[in-house]
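Comments concern the structure below.
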Amino acid sequence: DKKAVLAEPINVVVTGAAGQIAYSLLYQLAAGSVFGPEQPINLRLLDIKPMMDVLQGVVMELEDLALPLLRDVLPTADAGVAFKDAAAAFLVGAMPRKQGMERKDLLAANVKIFKDQGEALEKFARKDIKVLVVGNPANTNALICSHYAPSIPKENFTAMTRLDQNRAQAALASRLGVQLCSEMELTPLVDKVKNVIIWGNHSSTQYPDAAHAVADLPGKGSVKVSSAVNDNAWLNGEFLETIQKRGAAVIAARKMSSAMSAAKAAGDHMRDWWFGTKPGQWVSMGVVSDGSYGIPKDVVFSFPVNIKDKKFEIVQGLEISDFARSKLDITAKELEEERAEAHQIITSELSNCN
Ligand code: NAD
Ligand code: LMR
C-alpha cells in the first residue's frame with residue numbers, strides 16, 4: 001500500500017487565500033511541487049469574513065483537483081484556527097499596491113495584519129514553523145510578524161525576494177541569448193544562470209547584483225555573467241532599473257499586481273527552504289539581518305543564502321565593490337525608515353485603543 005509509506009500530513013497555511021496569488025499557489029501546494037510528492041498536506045485557508053463565499057468556491061475547486069496529497073481543507077476567517085499546529089505558512093493576505101503607489105505606501109494598511117498574525121502564530125503555530133511573508137511591504141511585514149511571535153526563532157520568518165531573483169535571472173539569460181545568438185548552441189537556458197543576488201528590500205531600492213553570477217554554457221562550462229555580458233553600463237543601469245521597477249511595470253500593464261509569477265516564486269522559496277539549495281548555488285531571501293556585510297541588525301534584508309537541513313546561512317565573504325556598497329546602504333536605510341514608520345503606526349493604534 002503506497003499510502004502507508006507517506007509521511008503524516010502537515011498543516012500549511014495560506015493567508016489571502018481568496019486572492020490572486022493564492023489562486024496560483026494553492027495548486028502547486030496540492031500537487032506536491034513544493035513539499036514534495038511524499039508529503040500529504042492539510043490546507044488552512046485564511047481570509048477576511050467578507051471573502052468567505054469566494055473562498056468556498058476555491059475550496060470546491062481544490063476538491064475538484066482530485067489530488068491525493070491534499071487531505072483536509074479548512075477555510076476560515078479566524079487566525080487562531082488557521083495557524084493551529086501549522087508547519088509552514090505563506091502570508092500572502094494584504095492589500096496590493098495600485099498604479100502610482102510605492103510598496104511602502106502599503107505600510108499603514110498592512111502592518112496591523114502582520115502584528116495580529118504574529119500574535120496568532122505565537123499562540124497557535126508549531127515553534128518550528130517556516131513563515132514566508134509575501135504580502136507587501138514584505139520585508140517590514142516579516143519583521144513585525146516575528147516581533148509579535150517572540151517564542152518562534154526569528155530565523156523562521158522570511159520575506160520573499162525570489163520573484164526579483166527570478167526576474168533578474170530571466171533578464172540575464174535573455175541578454176546572453178541575444179548576445180550569443182550568432183553561436184546559438186551557446187545560449188544558456190534560464191536555469192543555467194546562477195547566483196545572481198537580490199540585496200535589501202523588495203522595493204525599488206533593491207540591488208539586483210550580477211557581479212557574482214555565473215552561467216553554464218553548453219560546451220564552455222561555467223562563465224562569469226559579467227564577463228560574458230561585458231557591459232557594466234548595462235548591468236549597473238538598464239538591467240538594475242528594469243528589475244527594480246518590474247513590479248510597477250506589471251501593474252501598469254495588467255492593472256493588477258503580478259500573481260502567477262509571484263506564486264511560482266513563493267513555491268520556489270519554500271521548496272528551497274524545505275529541501276535545501278544545490279551545492280554552490282545560493283538563493284536570495286529576506287531574513288532578519290545579523291549584521292553581515294555591515295547591514296544594520298533587526299531589519300529584514302535580502303541576502304544570498306545557502307540552505308541545509310531546513311536552516312539557511314548567509315553567504316559570507318563576497319567582494320562588495322564601492323558601487324555595490326552605495327546600493328546596499330540605500331536599501332538598508334529605506335528598511336530602517338520603514339521599521340520606524342511601522343513602529344509608529346502600531347504605537348499610535350495601540351494608544352487609540354486605550
Ligand atoms: P489580492 O487582493 O488578490 O488578494 C489578497 C487577499 O488577501 C484578498 O482575498 C483579501 O481579502 C485578503 N486579506 C486581506 N486582509 C487579510 C487578513 N487580515 N487576513 C487574511 N487575508 C486577508 O492580492 P494578491 O495579488 O494576491 O497580492 C497579495 C499581496 O502580495 C499584496 O500585498 C501584494 O502587493 C503582494 N505581492 C508580493 C510580491 C513579492 O514579491 N513579495 C509579489 C506580488 C505581490
Ligand atoms: C511585485 O514585485 O510584482 C509585487 O511586489 C507587487 C508590487 O507591488 O510590485
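Order of appearance sets the numbers: ligands from 1, and atoms from 1 within every ligand.
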Residues, nucleotides or ligands: over 12 heavy atoms within 6.0 Å of Tyr23 OH: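 No - once you tally the heavy atoms of other residues, nucleotides and ligands closer than 6.0 Å, there are 12 at most.
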Exceeds 12 heavy-atom contacts within 6.0 angstrom, atom NZ of Lys255: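 It does: Lys255 NZ has more than 12 such atoms within range.
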For ligand 1, which part of [X] has a heavy atom less than 4.0 Å away: the side chain, the backbone, both, or neither?
| X | value |
| --- | --- |
| Gln20 | both |
| Met160 | both |
| Leu163 | side chain |

Considering [options], which one's heavy-atom position lies nearest to [atom]?
| atom | options | result |
| --- | --- | --- |
| atom 14 (C) of ligand 1 | Ala94, Ala82, Gly16 | Ala94 |
| atom 35 (C) of ligand 1 | Asn166, Leu46, Asn136, Val14 | Asn136 |
| atom 17 (C) of ligand 1 | Ile48, Leu45, Val250 | Ile48 |
| atom 6 (C) of ligand 2 | Ser203, Gly247, Ser257, Ala138 | Ser257 |
| atom 2 (O) of ligand 2 | Met256, Arg103, Lys98, Arg246 | Arg103 |

Sub-3.5 Å N/O-N/O distance, Arg97 and ligand 2: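 Yes, at least one N or O pair falls under 3.5 Å.
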Is there a side-chain contact between [X] and [Y] (heavy atoms, below 4.5 Å)?
| X | Y | value |
| --- | --- | --- |
| Leu235 | Ser226 | yes |
| Thr140 | Leu107 | yes |
| Arg175 | Val229 | yes |
| Phe301 | Thr331 | yes |
| Tyr207 | Phe323 | yes |

For [X], is at least one N or O under 3.5 Å away from an N or O on ligand 1?
| X | value |
| --- | --- |
| Asn110 | no |
| Met95 | yes |
| Leu106 | no |

Please identify which atoms of ligand 1 are closer than 4.0 Å to at least one heavy atom of [X].
| X | value |
| --- | --- |
| Val92 | 28 (C), 29 (C), 30 (O) |
| Ala18 | 9 (O) |
| Met51 | 9 (O), 11 (O) |

Asp164 near ligand 2 by a heavy-atom separation under 4.0 Å: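 No.
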Reported CD-to-CG distance for the pair Gln39 and Leu29, which is rounded to 0.5 angstrom: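 Here the rounded value is 11.5 Å.
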Rounded distance (nearest 0.5 Å) linking atom CZ of Arg162 with atom NZ of Lys264: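 Nearest 0.5 Å value for the CZ-NZ distance: 6.5 Å.
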Tell me which protein heavy atom sits closest to [atom], plus the residue, atom name and distance to 0.1 Å.
| atom | answer |
| --- | --- |
| atom 42 (C) of ligand 1 | Ala262 CB, 3.6 Å |
| atom 30 (O) of ligand 1 | Ile21 CD1, 3.4 Å |
| atom 4 (O) of ligand 1 | Gly19 CA, 3.3 Å |
| atom 18 (N) of ligand 1 | Ile113 CG2, 3.5 Å |
| atom 31 (C) of ligand 1 | Pro96 CA, 3.6 Å |
| atom 19 (N) of ligand 1 | Gln117 NE2, 3.4 Å |
| atom 11 (O) of ligand 1 | Asp47 OD1, 2.6 Å |
| atom 37 (C) of ligand 1 | Val134 O, 2.8 Å |
| atom 3 (O) of ligand 2 | Ser258 OG, 2.4 Å |

[Y] versus [X], side-chain donor and acceptor atoms under 3.5 Å:
| X | Y | answer |
| --- | --- | --- |
| Thr205 | Arg103 | no |
| Asn201 | Gln206 | no |
| Asn42 | Asn11 | yes |

Against ligand 1, does [X] come closer than 4.0 Å with any heavy atom?
| X | value |
| --- | --- |
| Met256 | no |
| Ser258 | yes |
| Arg103 | no |

Contact summary for Leu25 and Ala266, nearest pair of heavy atoms: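 Scanning both residues, the minimum pair turns out to be CD1-CB, 4.3 Å.
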Under 3.5 Å: donor-acceptor pair, side chain of Asn139, backbone of His202: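 Side chain of Asn139 to backbone of His202, a donor-acceptor pair under 3.5 Å: yes, one is there.
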Any donor-acceptor pair under 3.5 Å from Asn110 side chain to Ala94 backbone: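 Answer holds: no.
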Check: Tyr293 ring centroid to Trp199 ring centroid under 6.0 Å: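 Yes.
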Part of Glu102 with heavy atoms under 4.0 Å of ligand 2, whether side chain, backbone, both or neither: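 For Glu102, no heavy atom sits under 4.0 Å from ligand 2.
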Which segment of Val250 sits under 4.0 Å of ligand 2 when only heavy atoms are counted: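 None of Val250 does.
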Ion pair Lys327/Asp209, N-O distance below 4.0 Å: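 Here Lys327 does not pair with Asp209 in a salt bridge, since their nearest N and O are not under 4.0 Å apart.
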Candidates Met256, Arg246, Arg97 - the one meeting side-chain contact (heavy atoms from CB on, under 4.5 Å) with Ile251: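 Between Ile251 and the candidates, side-chain contact (heavy atoms from CB on, under 4.5 Å) is satisfied uniquely by Arg97.
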For Arg167, atoms of ligand 2 separated by under 4.0 Å from a heavy atom: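 In order of number, 1 (C), 2 (O), 3 (O).
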Contact atoms of ligand 2, heavy-atom distance to His202 under 4.0 Å: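 Atoms satisfying the 4.0 Å criterion: 1 (C), 2 (O), 4 (C), 5 (O).
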